[in-house]
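Right, one structure below, let's go through it.
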There are 2 protein chains.
Amino acid sequence: MNDRPKIKDIAERAGVSVATVSRALSDSGLVTAETSQRIHALARELNYRPNVSARNLRTRKSMSVLLVVRDVGNPFYLDILKGVEATAREAGYSVLMGNTENDPDRETEYFNMLRDGHADGMILMTGKLPPPGHDSGLDVAHLPVVVALEMIESSGLPHVQVDNIAAAKAAVEHLISLGHRKIAHIAGPLPEVMAVHRRDGYRAAMQGAGLAIPEGYEVRGDYLLETGQLCCSQLFALSEPPTALFAANDEMAYGAIHELRRLGRDIPGDVSVVGFDDLYLSKAFYPPLTTVTQPRADIGRTAMSLLLRMLSGEAVGLAPPIVLPTALSVRASTASPRQ
Amino acid sequence: MNDRPKIKDIAERAGVSVATVSRALSDSGLVTAETSQRIHALARELNYRPNVSARNLRTRKSMSVLLVVRDVGNPFYLDILKGVEATAREAGYSVLMGNTENDPDRETEYFNMLRDGHADGMILMTGKLPPPGHDSGLDVAHLPVVVALEMIESSGLPHVQVDNIAAAKAAVEHLISLGHRKIAHIAGPLPEVMAVHRRDGYRAAMQGAGLAIPEGYEVRGDYLLETGQLCCSQLFALSEPPTALFAANDEMAYGAIHELRRLGRDIPGDVSVVGFDDLYLSKAFYPPLTTVTQPRADIGRTAMSLLLRMLSGEAVGLAPPIVLPTALSVRASTASPRQ
DNA sequence: TTGAAAGCGCTAACAA
DNA sequence: TTGTTAGCGCTTTCAA
């Protein structure tokens with residue numbers, strides 16, 4: 001390990017100074033073509049690779065970014081990660097994974113990693129900032145941070161998102177247009193912003209159609225399969241159960257469908273179900289799930305591009321949020337109600 | 001950014017040398033309790049964080065590890081990533097994501113990151129080493145690398161895996177015990193080792209039961225939904241289609257079931273289907289999928305623990321592979337054949 | 001176009 | 001127990 005060649009080794013063999021080697025290797029154009037070639041040849045021969053710690057220390061950069069999510073185990077993030085990774089590596093950046101599991105200490109920890117040079121920037125998908133006070137010195141708005149998916153109001157940070165309200169509204173309007181009147185909502189973990197927005201979209205659609213939301217028609221889940229199931233069983237214990245369900249994400253929709261089947265209800269014959277996210281499996285699900293398609297890879301790419309612009313010194317903080325389009329993918333889990 | 005406090009700032013205010021500060025902050029026990037307390041208090045007050053590049057340069061460590069997979073977008077890796085991440089962060093390590101997409105250049109690139117100090121170690125889940133010759137100086141067997149999931153024979157590297165042959169054999173034997181005789185296999189991307197092993201398990205079970213494998217009963221997929229569908233349609237175009245299917249992973253099993261449904265076949269009434277992996281959705285799938293459960297999070301944790309031992313100087317290279325147990329989860333996608 | 005030299009912030013050997 | 005000092009390997013002034 002210790003025998004790794006360094007710039008000095010190349011310099012000695014090439015009969016030049018370390019400065020010249022550094023310049024040649026960085027293609028600064030300040031070195032004679034001939035010398036440069038000789039140095040490059042030598043570097044290849046010795047299988048030279050610059051030591052990143054040394055370079056990072058000197059340049060005050062790490063060439064890596066932090067991707068912070070609430071739960072790395074959630075399949076929802078896969079395509080986003082993929083988009084981020086691709087864009088990052090094109091620009092020579094590595095991606096460090098951050099996983100908060102809603103633990104404020106860990107959220108703070110990742111912000112600290114920005115300060116200690118671990119990473120140059122961060123894509124934040126937790127919808128949360130570290131609790132103030134703990135880091136009184138932290139001027140969040142001027143940190144190289146892009147907020148994706150979620151919204152952190154009045155943080156001054158740039159955002160990449162989708163219009164959750166409009167998308168949810170369109171999803172519920174689809175149910176209404178099929179003739180449904182008794183439509184319930186399995187919400188996300190309120191009062192998180194995204195969950196609130198999707199619920200507000202539901203409410204807006206109902207109100208727009210002049211439909212009242214009966215007591216008990218809004219149940220709160222946490223985006224997981226199990227709560228989808230649970231919420232669904234609550235809804236169907238009501239004296240007047242719904243004929244259609246709008247779940248705040250696909251996973252809960254899967255859980256709900258699972259439960260409906262257990263209760264002997266046919267989908268979409270007895271009950272229609274709409275999800276949100278369009279996980280890659282939703283089209284292979286039975287029945288194929290009607291859901292809101294989000295451009296996840298695009299969200300990842302866009303967020304990373306934005307971050308790159310910030311890292312190159314561009315001021316993008318005060319620009320309006322970038323809103324990417326969604327689309328309702330109508331599949332076989334929705335139909336007109338019976339009778 | 002430039003006003004970040006450094007050790008020197010603390011030293012000045014505390015009226016001690018930088019060495020003392022460094023020692024106090026690393027709790028080396030060589031500093032008076034009183035001085036140490038004063039220094040810690042000062043560090044907290046100034047919100048001091050050691051610069052990682054400087055530390056890394058000096059200690060020749062990066063405190064991060066590389067997790068290299070073939071496709072970051074594959075949900076299969078989620079729980080593994082989660083296990084790796086948890087174990088890594090407990091030990092103070094960060095996880096860098098590596099994505100090769102089967103590109104040899106990228107595979108080599110990640111090995112190079114090990115050499116240039118980007119990461120201290122690597123968990124390799126691609127089943128491949130960089131092509132030899134390109135890096136003549138690379139003595140792979142002595143690199144801090146753990147191979148997980150896949151097998152790289154005679155690499156001299158430590159392995160964490162499951163017994164794919166035995167698990168596949170058990171899955172097929174389950175079908176045989178239900179009374180199936182005409183059992184087809186949707187294989188992975190042969191000749192990759194894992195795909196070969198799962199196929200060999202299939203063959204072993206068939207042979208063990210004295211069952212011939214008819215021409216066309218082994219079709220090659222690539223672990224994706226679409227090929228599961230495609231392979232399935234090929235199988236059911238045969239003059240004598242099978243009554244049961246063993247797919248090399250769940251995703252292809254989903255695809256196959258989707259296709260069977262399209263062909264109007266009932267599952268498991270007409271055709272039984274077994275998968276492999278037990279993705280988190282398989283139990284919510286319809287019908288709930290019979291499949292081989294792998295301890296994915298455990299694989300991640302074990303691989304990372306092993307890597308940590310290597311990084312602490314322990315020689316583990318020549319130990320036999322660590323083989324974690326699998327279990328067949330029998331659900332509703334398999335039943336006895338009709339008649 | 002090149003070289004000498006400083007220094008990024010930290011840790012650790014050696015002295016005291 | 002503490003301080004002095006020498007680097008880790010690199011980039012980048014400043015001078016030639």
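A note on names: the letters A, B, ... follow the listed sequences, proteins ahead of strands, and every chain is numbered from 1.
A:Asp222 pairs by the salt bridge (charged side-chain N to carboxylate O under 4.0 Å, His left out) definition with nothing, not counting sequence neighbours. Partners of A:Arg55 under the salt bridge (charged side-chain N to carboxylate O under 4.0 Å, His left out) rule, at least two apart in sequence or in another chain, do not exist in this structure.
With D:dG3, D:dT1, C:dA4 as the candidates, the nucleotide lying closest to the side chain of B:Ser17 is D:dG3. With distances taken from any side-chain atom of B:Asn51 to the nucleotides D:dT1, C:dG9, D:dG9, the minimum falls on C:dG9.
Classification of A:Asp298 and A:Arg301 as a salt-bridged pair holds, one side-chain N sitting under 4.0 Å from a carboxylate O. A salt bridge links B:Glu109 with A:Arg49; the closest basic N to acidic carboxylate O contact falls under 4.0 Å.
Sequence order on DNA chain D of the closest nucleotides to A:Thr20 and B:Leu30 puts B:Leu30 first from the 5' end.
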| query | What string of B, S and - do you get for nucleotides 11-16 of chain C, 5' to 3', when a contact is any protein heavy atom under 4.0 Å? | reply | BBB---
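The list of salt bridge (charged side-chain N to carboxylate O under 4.0 Å, His left out) pairs with a residue in residues 63-74 of chain A, not counting sequence neighbours, reads A:Arg70-A:Glu150, A:Arg70-A:Glu192, A:Asp71-B:Lys82. Within the structure, every pair that satisfies the salt bridge (charged side-chain N to carboxylate O under 4.0 Å, His left out) test and touches residues 304-320 of chain B, not counting sequence neighbours, is listed here: B:Arg309-B:Glu314.
Rounded to a whole Å, the CD1 atom of B:Ile10 is 17 Å from the C1' atom of D:dG3. Distance A:Asp116 CG to C:dG9 P: 13 Å, rounded to the nearest Å.
Within 6.0 Å of atom CZ in B:Arg13, 12 or fewer heavy atoms from other residues, nucleotides or ligands are found, so the atom counts as exposed in its surroundings. Annotation: A:Arg106, atom CZ; neighbour count of heavy atoms from other residues, nucleotides and ligands within 6.0 Å is above 12.
The phosphate of C:dG9 (OP1 or OP2) has a side-chain N or O of A:Arg60 nearer than 4.0 angstrom. Contact annotation: A:Ser53 side-chain N/O to D:dC10 OP1/OP2 distance is not under 4.0 Å.
Helix-axis bend for the helix from C:dT1-D:dA16 to C:dA16-D:dT1: the local axis fitted to the five terminal pairs at one end deviates from that at the other end by 40°, rounded to 10°.
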